[in-house]
Number of protein chains: 2
Amino acid sequence: MSANTDQAAALRIASGRKPFVEPLRLGERLKQIRLANQWTLEDVSRRTGLARSTLSKIENDQISPTFAAVQKLISGLGIDLPQLLSPPKLQSRTSGRRDLTRSGEGQQHPTPTYEHELLSWQLAQKRMIPFKTIVRARSFDEFSEWVRHDGEEFLIVLDGTIRLYTEFYEPLELEQGDSIYFDSDMGHALVSTSIADAIVLSVCTRGEAN
Amino acid sequence: MSANTDQAAALRIASGRKPFVEPLRLGERLKQIRLANQWTLEDVSRRTGLARSTLSKIENDQISPTFAAVQKLISGLGIDLPQLLSPPKLQSRTSGRRDLTRSGEGQQHPTPTYEHELLSWQLAQKRMIPFKTIVRARSFDEFSEWVRHDGEEFLIVLDGTIRLYTEFYEPLELEQGDSIYFDSDMGHALVSTSIADAIVLSVCTRGEAN
DNA sequence: CATGTTGGTTCACTATAGGAAATAAAGTTT
DNA sequence: AAACTTTATTTCCTATAGTGAACCAACATG
């Protein structure tokens, strides 16, 4: 193996192209991802269909996974290749900030059917945007239009019950305590189905154009 | 992580939405690139160090190249993975996902003073990690250690009252509905000051976004 | 303690990827 | 048209990726 690759390298150099070696430690990266998600090898095995032993060896760089295996990995772990290949880079991060919002002291944004209350609105440069929404009772006339925005959204019902419409799926009835996470560029809309107003808490990611 | 719930989860995900697996024809794509550059198999062999025969078989999808081989290919051909994987096709942006968690159906992580319930835990590769925490009543003995993790955290009190300690600042008393946003690499800790258990909802960013 | 249980590694084996050389199928040259 | 030349495919063999089972911690539980 080493003799051959050496030769190959020599040839590549001779042909005028730099070897351009990837210093990538695939296994290590993979392990990072697995641990970040609190997954055990068994979990990953179930998700990908690869044997525990195989996964172990891949993580320890004892074998070079087949491309088919890599595909199973990226599909099973829900990542994409660029992500897999580029180790997490540090970013210049601001730190040590905090911003308190007392109940009801958020920034109010009333609209006909909703009342949005922006939380932690004094802090700029956040990665998440949290807000509370009051959905007017019995607002189940046709919603006018899908809401869409880049990124992801997490939503939990604090009070009342709502119906969440999302593009591509059937509507969902959500009651107090139910929560949902979705890609928010997928159209979505909210109506209240309870007698009283419904209250939901949402957190959106901010797009990465910074 | 219980095997059963995990499996059920996998099933639910699978049934809720098509697994976005790439049905990619790697060989074909590779051949396109080769021909576009007017390269012969021999040329590519010289550039990559892979045998002509191997290349032929890869192009005809008779074998699934090893990841090491793929790396030789991308380096030798001077392309990058995304390019290789996305022909004229749209970039594989994950989108259109959604993951419902009914009240109380999150992934439970009990600890002495807290009970964490991970929400939307079935969805991998999220930018945010939402979870509900029950802080045991009267847990105001000294907290053992600061909690720290990269990124930012949003927190809102759903029930009870808590005291939030943060490094560099004085502690804060938070009551139902109060919320706070802070850089979570700053040490922080939570104790309950109410008679009943306190419930808080937290959302953390995950590190390493672009 | 012994006795699971759980997460990870190692082992022995099978399946398959990768390489050298033979083969096929073109196009060139004479 | 036969004798080369050039390029892709196939063959046969070796190296190695992938698997299930055994093995080994570390932790719980009786």
Side-chain angles (χ1 to χ4, degrees), chain A residues 1-12 15 24-77 84, chain B residues 1-7 9-10 21 24-77 84 107-112 121:
Chain A
M1 170 70 176
S2 85
N4 280 340
T5 36
D6 282 350
Q7 188 153 9
L11 283 171
R12 247 181 298 156
S15 73
L24 174 69
R25 308 209 26 117
L26 178 64
E28 195 172 326
R29 178 82 187 106
L30 228 30
K31 186 164 193 170
Q32 284 176 7
I33 294 178
R34 179 171 67 83
L35 294 180
N37 287 73
Q38 313 233 91
W39 284 328
T40 144
L41 283 183
E42 178 60 29
D43 295 329
V44 176
S45 171
R46 254 196 300 274
R47 297 183 102 103
T48 61
L50 294 167
R52 243 172 39 248
S53 54
T54 307
L55 295 169
S56 168
K57 283 185 267 190
I58 292 176
E59 284 191 352
N60 296 336
D61 288 309
Q62 290 173 21
I63 64 177
S64 168
T66 233
F67 190 70
V70 173
Q71 288 191 105
K72 285 184 191 171
L73 279 167
I74 62 181
S75 127
L77 301 188
L84 181 62
Chain B
M1 170 173 302
S2 132
N4 282 341
T5 43
D6 195 24
Q7 188 131 17
V21 59
L24 175 69
R25 300 202 31 112
L26 179 65
E28 196 170 325
R29 177 78 187 117
L30 228 30
K31 187 163 192 171
Q32 283 175 12
I33 294 177
R34 180 171 66 83
L35 294 180
N37 288 71
Q38 312 242 87
W39 284 327
T40 156
L41 282 184
E42 179 58 29
D43 295 331
V44 177
S45 171
R46 251 194 302 275
R47 285 171 172 271
T48 60
L50 293 168
R52 276 204 326 278
S53 55
T54 307
L55 294 170
S56 167
K57 283 183 270 190
I58 292 176
E59 284 192 352
N60 296 336
D61 288 309
Q62 289 173 21
I63 64 177
S64 169
T66 226
F67 190 69
V70 173
Q71 288 190 104
K72 286 183 189 169
L73 279 167
I74 62 180
S75 119
L77 302 187
L84 180 62
Q107 197 182 52
Q108 305 289 340
H109 290 263
T111 76
W121 54 281

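For clarity, every value in this text was computed on a predicted model and none was experimentally measured. Below, chain A is the first sequence line, B the second, and so on; all start at residue 1.
Taking only side-chain atoms of A/Q62, from C-beta outward, the nucleotide of D/dT9, D/dT19, C/dT10 with the closest atom is C/dT10. Ranking C/dG8, D/dA8, D/dG20 by closeness to the A/T40 side chain, first place goes to C/dG8. Distance from the side chain of A/N60 is smallest for C/dT9 among the nucleotides C/dT9, C/dA22, D/dT10.
Counting non-hydrogen atoms under 4.0 angstrom, B/L55 reaches nothing in the nucleic acid.
Here B/S56 does not reach the OP1 or OP2 of D/dA8: none of its side-chain N or O atoms lies under 4.0 Å away. Under 4.0 angstrom from either OP1 or OP2 of D/dT19 there lies at least one side-chain N or O belonging to A/T54.
Atom P of nucleotide D/dT16 and atom CZ of B/F67 are separated by 18 Å, given to the nearest angstrom. One atom, CD1 of B/I63, and another, P of D/dT16, lie 15 Å apart when rounded to the nearest Å. Taking atom CG of A/D43 as the reference point, atom P of C/dT6 lies 12 Å away to the nearest angstrom. Separating the CG atom of B/D61 from the C1' atom of C/dA17 is a distance of 14 Å, rounded to the nearest angstrom. Separating the CG atom of A/L30 from the C1' atom of C/dG8 is a distance of 15 Å, rounded to the nearest angstrom. Rounded to an integer number of Å, the gap from A/E59 CD to D/dA17 C1' is 16 Å. Distance, B/L41 CG to C/dA21 P: 18 Å, rounded to whole Å. C/dA20 atom P lies 11 Å from atom CG of B/L50, rounded to whole Å.
If you check distances only, the side chain of A/S53 does reach the base of D/dG20 with a donor-acceptor pair under 3.5 Å. With hydrogens and angles left out, the side chain of A/R52 and the base of C/dG8 share a donor-acceptor pair within 3.5 Å. Applying the 3.5 Å distance criterion, the base of D/dT19 shares a donor-acceptor pair with the side chain of A/K57.
To the nearest 0.5 Å, atom CG of residue B/L41 and atom NZ of residue B/K31 are 8.0 Å apart. Expressed to the nearest 0.5 Å, how far CD1 of A/I74 lies from OG1 of A/T48 amounts to 12.0 Å. Note that CD1 of B/I58 and CZ of A/F67 are 10.5 Å apart. Values are rounded to the nearest 0.5 Å.
With hydrogens and angles ignored, the 3.5 Å screen pairs a side-chain donor or acceptor of B/T40 with a backbone N or O of B/E42. Between the side chain of A/S64 and the backbone N or O of B/T66, no donor-acceptor pair lies under 3.5 Å.
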